[in-house]
Amino acid sequence: MAAIPLGKVLTYGQVAKLCGFPNHARYVGTTLKCLPKGTTLPWHRVVNAKGEISFPRGSEGYHRQLSLLEKEGIAIKNDKLSLAIYGSYSPS
DNA sequence: CAGATGACGGCCC
DNA sequence: GGGGCCGCCATCT
């Protein structure tokens, strides 16, 4: 996850798949929620399969992720991300 | 120790 | 196109 290029986003499923676990999207989310406050990981670059923030609208996490994404130059469409920015990322 | 839950995904109706 | 159901694994009651 830390290797995700700036300006790109991955879905939970993609992250899981990249790590060698095709159907463990949920596990990724479980892991992410355990992240400490001051983490340096780009967790905000990870969204669900619909390209949306995985938090309810108006929630704290939602706004945090949204602002971080915009800060990195990622635009949001109707609470959803541009579909072109994820899926094009391949591990090295 | 057993059951429920969760930053999700994919398939079927 | 939308909604519901099941699967999956680590944690939390």
Notebook entry, point to check: Do the non-hydrogen side-chain atoms of A:Thr11 and A:Val46 ever get within less than 4.5 Å of each other?
Noted result: no

Item checked: A:Lys50, NZ: over 12 other non-hydrogen atoms inside 6.0 angstrom -> no

Item checked: A:Ile4 versus A:Arg45, closest heavy-atom pair with distance -> O-NH1, 2.5 Å

Notebook entry, point to check: Whole-Å distance between B:dG6 C1' and A:Tyr12 OH?
Noted result: 11 Å

Next item on the list: May I have the distance from A:Leu68 (atom CG) to B:dA7 (atom C1'), rounded to whole angstrom?
Entry: 14 Å

Next item on the list: Just jot down the side chain to side chain donor-acceptor pair (under 3.5 Å) partners of A:Ser54, sequence neighbours excluded, or say none.
Entry: A:Tyr12

Next item on the list: Kindly state each residue pair satisfying ring-ring contact (aromatic ring centres under 6.0 Å, His included) with at least one member in residues 18-42 of chain A, sequence neighbours excluded.
Entry: A:Phe21-A:His24

Margin query: Please identify the 5'-most and 3'-most nucleotides of DNA chain C with any atom under 4.0 angstrom from a heavy atom of chain A.
Written below: C:dG7 to C:dA10

Next item on the list: Please work out which residues in residues 20-35 of chain A have a non-hydrogen atom less than 4.0 Å from an atom of DNA chain C and list them by number.
Entry: A:Asn23, A:His24, A:Arg26, A:Tyr27

Item checked: Nearest-0.5 Å distance that lies between atom CG in A:Leu81 and atom NZ in A:Lys8 -> 13.5 Å

Next item on the list: Starting from C1' on B:dA7, measure out to OH on A:Tyr86 and report it in whole angstrom.
Entry: 15 Å

Margin query: How many whole angstroms separate atom CG of A:Leu41 from atom C1' of B:dA7?
Written below: 14 Å

Item checked: Min side-chain heavy-atom separation A:Leu10-A:Met1 under 4.5 Å -> no

Checklist line | Where at least one partner belongs to residues 34-85 of chain A, residue pairs that pass ring-ring contact (aromatic ring centres under 6.0 Å, His included), sequence neighbours excluded | finding: none

Margin query: Within residues 53-64 of chain A, which residues have any heavy atom lying less than 4.0 Å from an atom of DNA chain C?
Written below: none

